[in-house]
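Keep in mind the model is a prediction, meaning the values are calculated, not measured. Order of the sequence lines fixes the chain letters, A, B, ..., with proteins taken first and strands second; residue numbering starts at 1 for each chain.
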Amino acid sequence: MNELNNKEESKERESLNFIEQIIEEDIRNGKHSGRVHTRFPPEPNGYLHIGHAKAICINFQLASKYGGLTNLRFDDTNPTTEETEYVENIKRDIRWLGFDWDDREYYASDYFPELYEFAIKLIRKGLAYVDDSSAEEIAEMKGTPTEPGRESPFRSRSIEENLDLFQRMRAGEFPDGAKVLRARIDMAADNMHLRDPIMYRIKRDHHHRTGDEWCIYPMYDFAHGQSDSIEEITHSLCSLEFIHHRPLYDWFIEKLEIFPSRQIEFARMNVSYMITSKRRLLKLVREGRVSGWDDPRMPTLSGMRRRGFPPGALRTFCDKAGTAKRENLIEISLLEFCVRDELNRTAARVMAVLNPLKVVITNYPEGKVEDMEVENNPEDESMGNRTMPFSRELYIERDDFMEDPPRKYFRMGPGRDVRLKGAYILHCEGFEKDPATGEITEVRCTYYPESKSGADTSGIKAKGTLHWVSAAHAKEAEVRLYDRLFTDPQPDSHEDKDYLDFFNPDSLQVIEKAYIEPSLASAQPGGCFQFLRLGYFAVDPDSTDKKLVFNRTVTLKDTWAKMQNK
RNA sequence: AGACCUAUGGUGUAAUUGGUAACACAGCAGAUUUUGGUUCUGUCGUUCUAGGUUCGAGUCCUAGUAGGUCUACCA
């Protein structure tokens with residue numbers, strides 16, 4: 001009964017971010033009858049990345065929280081860079097992240113006829129004019145932040161002439177770039193975006209949806225807000241860099257007398273050791289530094305999916321990162337925490353040896369095989385048990401043996417006892433070494449027959465527990481170990497250095513021949529496992545029937561490694 | 001230089017709107033553990049500066065400082 005009180009209390013105390021505060025105030029004031037409708041407006045000219053994930057989460061979750069809806073709208077007003085292929089990938093990525101837009105899939109290009117009429121309306125009101133100036137001239141007359149711009153000589157054309165010219169632009173009578181339609185606002189405005197911004201340009205490019213139907217295309221500022229308005233979006237959330245566009249956004253809505261969507265800007269999420277610049281990401285792909293847009297090291301949603309990051313962890317991450325208006329750099333350790341936290345609860349435990357060292361149990365009968373029962377997830381009993389074959393010759397991790405270990409080393413060394421997870425306690429009798437290289441080639445042990453896991457009557461306490469596989473039964477697999485792509489938390493923030501200077505040459509390490517326990521043979525691409533004591537690993541789509549390929553999603557926390565680094 | 005935005009522990013975000021600065025991650029120390037995982041406990045450390053209003057300021061006012069953004073026929 002106290003629980004209920006606590007719940008209510010915590011709900012009362014729930015803190016709101018600044019957007020939620022705005023929305024709740026709007027609801028209190030009965031604005032739009034309390035309706036909340038958002039949109040996610042990607043341009044189909046690239047792949048979605050971690051920054052988009054934040055925007056997607058904000059838009060979908062905020063609307064959902066207040067009983068509203070979210071539209072997916074492709075902002076496809078520039079035919080030169082946009083392609084259908086991107087549309088499909090973007091849709092797949094959003095679905096994967098866990099969001100659904102039902103049938104509300106819209107395209108700014110669907111509104112071209114309406115937008116054209118809007119333009120006519122502004123011309124009729126004397127608020128837009130056709131300018132014959134070149135791009136260079138327009139830029140030159142724009143002024144600078146400290147000096148006002150100059151008015152174009154074409155600014156005072158008559159409404160009739162503008163109407164005629166604009167219609168002929170649309171009809172294809174002028175070559176590309178010959179004319180533009182501009183809003184007539186204020187060439188002396190402090191806000192550069194108000195200095196007669198361009199609304200339409202002539203551009204004969206094949207559009208991925210409208211084909212060659214149009215040779216004039218609206219600019220972002222004359223498409224985005226109007227699209228919001230057409231869809232009756234109540235809260236149009238975007239990143240900070242659009243803050244200077246807001247007066248223009250509001251100006252068009254006011255002059256057009258259309259639905260008053262409201263633009264709200266928030267700071268985009270930056271994550272340490274990651275970059276999100278399309279151009280820079282593309283360069284990584286083009287130069288072959290990564291295998292593609294879905295390389296597991298990429299900050300793209302497709303890359304992170306392949307890496308094995310669960311979508312739920314990404315959502316939690318975006319949520320924990322918070323929403324505000326100041327520049328931020330979220331530590332990647334928070335992302336890793338969210339990934340581990342979810343995978344700890346959901347991933348089945350298995351054993352794999354990445355860097356094998358042979359162990360021979362001298363008092364274990366040759367040819368004997370025991371099926372050892374091992375739990376699949378200590379965090380979740382319902383995931384049950386599996387069996388692992390145990391035999392005289394095993395592989396353990398090379399790091400788990402030291403010829404002359406220090407006190408605090410809890411693993412195997414001459415004369416020491418150590419537990420094999422789910423099996424027996426071993427006593428190390430000795431080892432063999434290649435005299436030429438000094439490499440340990442084999443460890444010789446005896447086992448305590450009465451120390452069997454779950455039925456241990458030996459009374460022996462082993463400090464360490466190791467993972468292992470039976471040499472004769474293990475399967476081979478390829479394992480790809482990933483590390484951060486860059487060696488600097490903000491590789492693109494240095495004025496004197498290129499971000500590629502910080503490319504981490506060790507960001508991928510391939511282990512061609514690792515040994516995995518036989519139960520893994522049936523693993524399917526997308527499957528995610530905890531390799532005991534090593535980390536979380538996802539089955540890569542490169543896997544074949546003959547050979548599984550695993551991607552290391554993230555390591556386990558490793559306090560031993562931390563101690564060693566000190 | 002002009003306009004706009006922002007300023008709270010190492011990082012990020014809160015603070016019931018003027019009333020004891022908190023939560024998470026990271027760090028450190030310890031307990032538990034058949035994963036040096038998980039879990040648990042403890043600990044470190046915060047309101048940009050200077051004035052002002054007020055019984056009382058992270059919150060309001062003024063000035064400064066610092067960082068960011070803006071001058072594409074991109075979005």
| Presence of salt bridge, A/R184 and A/E151, under 4.0 angstrom | no

| Pair A/D492 + A/R279: basic N to acidic O under 4.0 Å | no

| task | Syn or anti for B/U17, please, going by whether the chi angle lies within 90° of 0. | result | syn

With a 4.0 Å cut-off on heavy atoms, is [X] in touch with a base, just the backbone sugar-phosphate, or nothing at all?
X: A/F242; value: base
X: A/N328; value: sugar-phosphate
X: A/E327; value: sugar-phosphate
X: A/T80; value: nothing
X: A/T559; value: sugar-phosphate
X: A/G535; value: nothing
X: A/K421; value: base
X: A/K463; value: nothing

| note | Nearest-nucleotide check on RNA chain B, A/A455 vs A/K179; residue mapping nearer the 5' end is A/A455

So what's [N] paired with, Watson-Crick or G-U wobble, going by both distances under 3.5 Å?
N: B/C4; value: B/G68
N: B/A75; value: none
N: B/C25; value: B/G10
N: B/U59; value: none

| query | Angle class for the A/Y116/A/F166 ring planes (parallel below 30°, perpendicular above 60°, tilted otherwise)? | reply | parallel

| request: Report yes if the ring of A/Y220 lies under 5.5 Å from the six-membered base ring of B/A75 with planes under 30°, and no otherwise. | output: no

| query | Which whole number of Å gives the distance between the P atom of B/C73 and that of B/U13? | reply | 34 Å

With a 3.5 Å cut-off and no angle check, do the side chains of [X] and [Y] form a donor-acceptor pair?
X: A/E450; Y: A/Y424; result: no
X: A/Y249; Y: A/D228; result: yes
X: A/N385; Y: A/E373; result: yes

| task | Confirm from the modelled atom types if A/T465 and B/U35 form a donor-acceptor pair under 3.5 Å, side chain to base only. | result | no

| task | Among B/G12, B/U35, B/U71, find the nucleotide with the atom closest to the side chain of A/I330. | result | B/G12

| message | Any residue in residues 243-253 of chain A with a heavy atom nearer than 4.0 angstrom to RNA chain B? Just list them by number, or reply none. | response | A/I243, A/H244, A/H245

